[in-house]
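Note that ligands are numbered from 1 as they come in the structure, with each ligand's atoms numbered from 1 the same way.
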Amino acid sequence: MCGIVTAIARRNIVPVLLEGLRKLEYRGYDSAGLAVLKDGQLQRLRAVGRVAELTAQADATGLGAEIGIAHTRWATHGVPCERNAHPHISAGLAVVHNGIIENFEALRSALQAKGYAFTSDTDTEAIAHLLHDTLKTTPDLFEAVRVTIGQLIGAYAIGVVSEAEPNRAIVARKGSPLLLGIGEDGHYAASDTAALLQVTRKV
Ligand code: GLU
């Protein structure tokens, strides 16, 4: 197993993402990462090993933002390394994913034929590029995620943020756990209540 944390709030959510990942550590993982929208621009940090390493990177860069997604990975497609760690990015949008996309090879071939270049060995990167491609004809992010997941075979929980819609975070699940947390100052999602109790009891 492994985990996802998503946050959108009227405060700095980087500490919320990191504390959420710490609470999910017990599930097991080999690498961790996060992406936030800072002044409308995606910023990503990834680290092999402990969440503490990711925290050190966030501290060193003084990263702060009001919207973001975070992930602990248990590799199923591609070795544990920074290049394969989530989030995966396709030109301005970032995706975290727990689970397995069974038809990722067919999706990857079709996307490569359209000119998408893959930089990781993960099944997840196909989701990011598929969503990017879908947005060309379905510009609303929520609708585009809906269309994209309709093409996925397998189990997933995903979190998405996009520079094109800096006030939204989209989550979806099928077969993998993902809970919504409704807070006073924002909305959250995570694989487990343990990650959400820091911000809300309303899950
Ligand atoms: N299948 C994805 C990967 O290997 C996600 C693994 C996970 O659930 O963390 O990157």
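Near Cys2, with a cut-off below 4.0 Å to any heavy atom, the atoms of ligand 1 are 7 (C), 8 (O), 9 (O). For ligand 1, the atoms closer than 4.0 angstrom to any heavy atom of His71 are 9 (O). Listed by atom number, the atoms of ligand 1 under 4.0 Å from Asn98 heavy atoms are 7 (C), 8 (O), 9 (O).
With Arg22 as the partner, the side chain to side chain contact (heavy atoms under 4.5 Å, CB included) test is satisfied by one option alone out of Leu54, Thr72, Thr55: Thr55.
Heavy atoms of Gly99 come nearer than 4.0 angstrom to ligand 1 in at least one pair.
Contact check on Arg50 versus Glu25 returns a salt bridge, with a Lys/Arg side-chain nitrogen under 4.0 Å from an Asp/Glu carboxylate oxygen. Looking at Arg146 and Glu143, a side-chain N of the basic residue comes within less than 4.0 Å of a carboxylate O on the acidic one, giving a salt bridge.
Applying the salt bridge (charged side-chain N to carboxylate O under 4.0 Å, His left out) definition to pairs two or more places apart or across chains, those involving residues 158-174 are Asp140-Arg168, Glu165-Arg168.
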Show every donor-acceptor pair shorter than 3.5 Å between a side-chain atom in residues 176-189 and any protein atom, with sequence neighbours excluded, or say none if there are none.
unit_1: Asp185; atom_1: OD1; unit_2: Tyr188; atom_2: OH; d: 2.9
unit_1: Asp185; atom_1: OD2; unit_2: Arg11; atom_2: NE; d: 2.6

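Polar contact with ligand 1: present for His77 (N/O pair, distance under 3.5 Å). The N/O atoms of Thr76, backbone and side chain alike, include one that comes under 3.5 Å of an N/O atom in ligand 1.
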